[in-house]
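Only one structure is covered here, and it is reproduced in the block below.
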Amino acid sequence: MNKFALEITNLKKTYDSGAVALKGINLTVAEGDFFALLGPNGAGKSSTIGIIGSLVTKTDGKVKIFDIDIDKNFPEAKRMLGVVSQEINFNNFEKVMDIVTTQAGFYGIPLGLAKEKTETVLKRLGLWDKRDEQARNLSGGFKRRLMIAKALIHEPKLLILDEPTAGVDIELRREMWDFLREINEAGTTIILTTHYLEEAEQLCKNIAIIDHGDLVENTSMKNLLSRLDVQGFILDVNEPLETAPVIPNFLLVLDDPLTLSVAIQKDQSINELFQHLSEQGIQVNSLRNESNRLEEMFIEMVKKSSS
Amino acid sequence: MNRRSEILVGLTTLIRKEIKRFLRIWVQTLVPPAVTMSLYFVIFGSLIGPRIGSMDGLDYIQFMIPGLIMMSVITNSYANVVSSFYSVKFQKSIEELLVSPMPNWAILVGFVAGGVCRGVIIGFVVFCVSLLFYPAFTVVNPALTITVLFLTAILFSLMGFINAVFADSFDDISIIPTFVLTPLIYLGGVFYSINILPDIWRNISMANPMLYVVNTFREGMLGVSDVSIPFALSMIVLFIVLLSSACLYLLNKGIGIRQ
Ligand SMILES: Nc1ncnc2c1ncn2[C@@H]1O[C@H](COP(=O)(O)OP(=O)(O)OP(=O)(O)O)[C@@H](O)[C@H]1O
Ligand SMILES: [Mg+2]
């Protein structure tokens, strides 16, 4: 039987200010999954994560981590959970090494072992050289890594990351992706939130979209992508054209003399298009995707949910 | 992992962190009371003291020593916990504790222990300073002295904790010390015996909790007191119990720390 790493039932949150962040969310994440929690600003992602990590009190509902109710057996639930918050939550004036060792101590790891584990995790995250630096001297990307190091120190089975790559440069982001993939393959269930849909597409097997405190979508990435029935492409041709070529079943638009754009239906083959083009003596130099189709679909879904 | 050792490790980690914190900034935490108290000893003890004569049958400087030690212990235990816990809240590093399996009582004990350590160390420092000015000082009842020292440090650490829980800005952590704590201490028999006061003020002073702390400590060090010791001790213990329950209630409710 498939075990759930996370099971959320009817989760509701209303802040003291009266702001309703969650209106009753139901969500399950299977063990071993790489899961994306998506949604626009203010959707309720961080509130959900805060509740799972006991940083925010819930108004109603149930949260189970590996079948353990966080209200009933909080120590056991917390041992299995690592949380990387959206906002920096370490003392900027402490040293990198001390921050992580202290966090280990709070998890009950004795000092000697804590130091060993800290060394391992700092090395894995490329922070070892900076172990004696005060945290405030780290750049934004390295601060993020430090947050991840802290969350991994007790080797949680479920790791939740709230926008781990916000403000992280492209190279560092790719490294972080590789790192997350690695630990996911080694058995850690990962849930992350992100505003980069490409990131979710690259990493995640399943997704949920929340908006205004409601769950709008909960499906597999594959399923989501398969729903994209039209895909826009941009073709760069090798010789200037005066008018867009006319090809049956394909609608080509001439953006400028060297650039064509075309919408391809799911059941159409791009090879067929190339064939027709070369019959007309048009050679295609390069081909790229027109805008992020995932992003467009995402916006559609969120729009639908709020109307 | 064994739950008990897990908590114990967590607690030691927190206490170690709290002690390191005030030792690291020792110029701000340990030196000022030594300097201030030296000034008190010079001015009120050596210069003005002889003109005051005796207080409760003791040299004035001798009378003042326990009061000044208590004053330092109270302000420093309070200040340590209020500023440490407030900054942990402010920087959000409280999350490091909240995500961990540490129970709330251990979090409370950790912060209070930090305050107690600072209070006790400072008490000792001020005592050493006082020996420079009054080398002949001997402690009459060491057991009572030490007991009161620790109880007082615990009591005011707890108060500092509650202050920090409700504090929403750096102003909030200095309001109580400035407008409540300091006046009560100054009027609580640090510098005089309430026997010198007119009846009405003596009676009003009896409602000042500082009076009991200061006098019990003075009883321990010098064997003189304006209040009944068993009564004062039971009140101190009662308040420790009440305040710890209040702190635990606040933590369990997540007030000021969980949104
Ligand atoms: N501490 C708080 N007090 C009051 N309201 C809050 C608090 N934190 C969040 N909210 C409100 O709850 C709602 C959900 O916020 P949340 O931070 O969960 O969104 P999010 O999906 O994480 O957004 P983002 O992508 O911007 O991080 C918002 O309307 C927000 O204003
Ligand atoms: Mg958020």
TODO: Decide side chain to side chain contact (heavy atoms under 4.5 Å, CB included) for A/Asp98 and B/Lys20; before the verdict, give the C-alpha distance in whole Å, the side-chain angles of both, and the deciding distance to 0.1 Å.
DONE: CA-CA 11 Å; A/Asp98 292 345; B/Lys20 260 190 178 165; 4.3 Å; yes
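- By the 6.0 Å contact criterion, CZ on B/Phe170 is enclosed, its count of non-hydrogen atoms from other residues, nucleotides or ligands being greater than 12.
- At a 4.5 Å heavy-atom cutoff, the contact between A/Phe74 and chain B is made by side-chain atoms alone.
- Listed by sequence position, B/Gln91, B/Lys92, B/Ser93, B/Glu95, B/Glu96, B/Leu97, B/Leu98, B/Val99, B/Ser100, B/Pro101, B/Met102, B/Pro103 are the residues of residues 79-117 of chain B in contact with chain A, using a 4.5 angstrom heavy-atom cutoff.
- Taking 4.5 Å as the heavy-atom cut-off, the residues of residues 245-259 of chain B that approach chain A are B/Lys253, B/Ile257, B/Arg258, B/Gln259, ordered by number.
- Residue contact with chain B, scored on non-hydrogen atoms closer than 4.5 Å, involves the side chain of A/Tyr15 exclusively.
- No more than 12 heavy-atom neighbours from other residues, nucleotides or ligands sit within 6.0 angstrom of NZ on A/Lys62.
- No more than 12 heavy-atom neighbours from other residues, nucleotides or ligands sit within 6.0 angstrom of NZ on A/Lys95.
- Counting heavy-atom pairs closer than 4.5 Å to chain B, the top-ranked of the candidates A/Gly50, A/Ser54, A/Gly53 is A/Ser54.
- Of the listed residues (A/Asn92, A/Val56, A/Leu55, A/Thr101), the greatest number of heavy-atom pairs within a distance under 4.5 Å of chain B belongs to A/Leu55.
- Of the atoms belonging to A/Leu81, not a single heavy atom falls under 4.5 Å from chain B.
- Among the candidates B/Leu8, B/Val9, B/Ile7, the residue making the largest number of heavy-atom pairs closer than 4.5 Å to chain A is B/Val9.
- Interface remark: B/Arg24 contributes side-chain atoms only to the contact with chain A (heavy atom separation under 4.5 Å).
- Shown here is B/Phe239, whose CZ atom has no more than 12 heavy atoms of other residues, nucleotides or ligands within 6.0 Å.
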- [ ] Could you please spell out the steps behind the side chain to side chain contact (heavy atoms under 4.5 Å, CB included) verdict for A/Thr102 and B/Arg16?
- [x] CA-CA 9 Å; A/Thr102 302; B/Arg16 197 185 307 119; over 6 Å; no
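- Contacts between A/Asp16 and chain B at a heavy-atom distance below 4.5 Å are absent for every atom of the residue.
- The part of A/Glu94 that comes within reach of chain B is its side chain, from C-beta onward, which places non-hydrogen atoms under 4.5 angstrom from that chain.
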